[in-house]
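Counting begins at 1 with the first residue of the sequence. Numbering of ligands and ligand atoms starts at 1, following listing order.
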Amino acid sequence: MLRLVKIGVEGEGPCTDVMEINRPGDLVDIANLGLTLSEARRLLAGVQREVVAAQIKEHAVRRPDCSRCGSVCRVNDYRDHAMATLFGQVTMRLPRFRCAACGGIEAGVGWPSHCRSTPELDRLQAHLCAVTTYRTAADLLEQMFPVDAGKHHATLRRHTLKIGEALGECAAVRPETAASAIVVTLDSTFIRSCAEGERHLEVRVGNVETQSGGRQVFGAVAKADTDIRALICRTLEAVGRGGDTALTAFTDGCPGLRRLLADAGVTARPMLDWFHIAMRLQHLKQIASALPVEDPARAEAKTVIIAEVERLHWRIWNGKARDARISIDRIRAVMHHFQGEPDGRKSIAPSRKLWTALQALDRYLAGQSAWLADYAERHRAGLRVGTAITEGTANFLVNRRMNKSQQMRWSRRGADLLLQVRCAVYNGTLGSGFGQKFQPANDTYPQMAITA
Ligand SMILES: [Zn+2]
């Protein structure tokens, strides 16, 4: 039997029986060991009810003063208030008061009369919804905690979006000292839209980092309520942008993003993020290594191609992208050895894939030539060559949660608000007490840059 005893300054007070625990003493079946989940949940709910009841008793004796005339109030009647908590729904019988002098009605002292759930439950729900689907979050909460409210995924979604809305109204908390330098990266990606006549929604995501390791991520769906320019400004403020802060910017190369940065007061010329070049080069290397070698001529051509792809990588990394053409031409010169290579039953022939990827890279480099940097030189000087989020900000922030399955379709507003919650979780600003969520794995320098 579990019994709660109230111990005050004057010693032991009243006690209440919470629940009976009756577990077999026989441990032949190891499943008998300790509490079961359902017992633990009932226990938590029981303790919660008793703790709340004790709190209500104390709270109810406090008498408010009339807000109109300041006279003393008396109890008028009692009202039931239902409140959802992480440990079950509790019903609280609270007094309403009437002013003895003017007859005005007062709620209890400091009572948030419109509150229907505890902030802790709200935050945990939002946190789970930010990292997994609404359905999974609802399941998880129901299985682990004695929650009664918000079991349905649609309810969880509604609560989470409300928190996302509130986050948009929060001002940035400026750190005490200004940052000497900030790196900001801005990317775009797409998610599927649930609206008719609209296939995709554009999502802009970014990441700001200071030299001392401060980091914040941000994101907004284009044409939704969140103004990305204001968001960039606010995020820069949050990591300590001051008058003398040196700003370095990287983008995925989209001209629209460069404009957004300029509008947000990031006037430094944005460089093309090495991450995006590295992804293309990696793709090229994978295709090259899959080329067939069934005769000596092809084997020799493949060796040339692999070596030239490596050289291409070296050239771009070392700021010699203008010479990329030389490597591309050398690859073209031996490509004829793979002519007539048949497509697989389900796949395009590697040589054709290589050809397409090469042409795409050639076009990309030509279009981005003004925004390329000497990445090797920057790297040697200890400067950033792009985002430090290994898998890329877009993948980390958006794809992991919002693009996982092809069936996931989003409304503009829903995706935008969920993204605000997701960013807050990773920035440690949701206040869930779980702290900042950047794992060391995301902090390591991009491997592709190091091996360049
Ligand atoms: Zn009064």
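- Pairs passing the side-chain hydrogen bond (donor to acceptor under 3.5 Å, both in side chains) check and including a residue from residues 163-185, sequence neighbours excluded, read E165-R413, S180-Q211.
- Sorted by chain and number, the protein atoms of type N, O or S within less than 2.8 Å of the Zn ion (ligand 1) are C66 SG, C69 SG, C99 SG, C102 SG.
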Determine, step by step, whether Y426 and F396 satisfy the ring pair (Phe, Tyr, Trp, His ring centres under 6.0 Å) criterion, reporting the C-alpha distance in whole Å, the side-chain angles of both residues, the deciding distance to 0.1 Å, and the verdict. CA-CA 10 Å; Y426 287 104; F396 171 73; 4.8 Å; yes
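- In this structure, the side chains of R280 and H283 stay at 4.5 Å or more apart for every pair of heavy atoms.
- Residues D416 and V221 share a closest heavy-atom pair of OD1-N, 2.9 Å.
- Listed by chain and residue number, W274 satisfy the ring pair (Phe, Tyr, Trp, His ring centres under 6.0 Å) test with Y375 (two or more places apart in sequence, or in another chain).
- Residues that satisfy the salt bridge (Lys or Arg N to Asp or Glu O under 4.0 Å) test with K353, not counting sequence neighbours, are absent from this structure.
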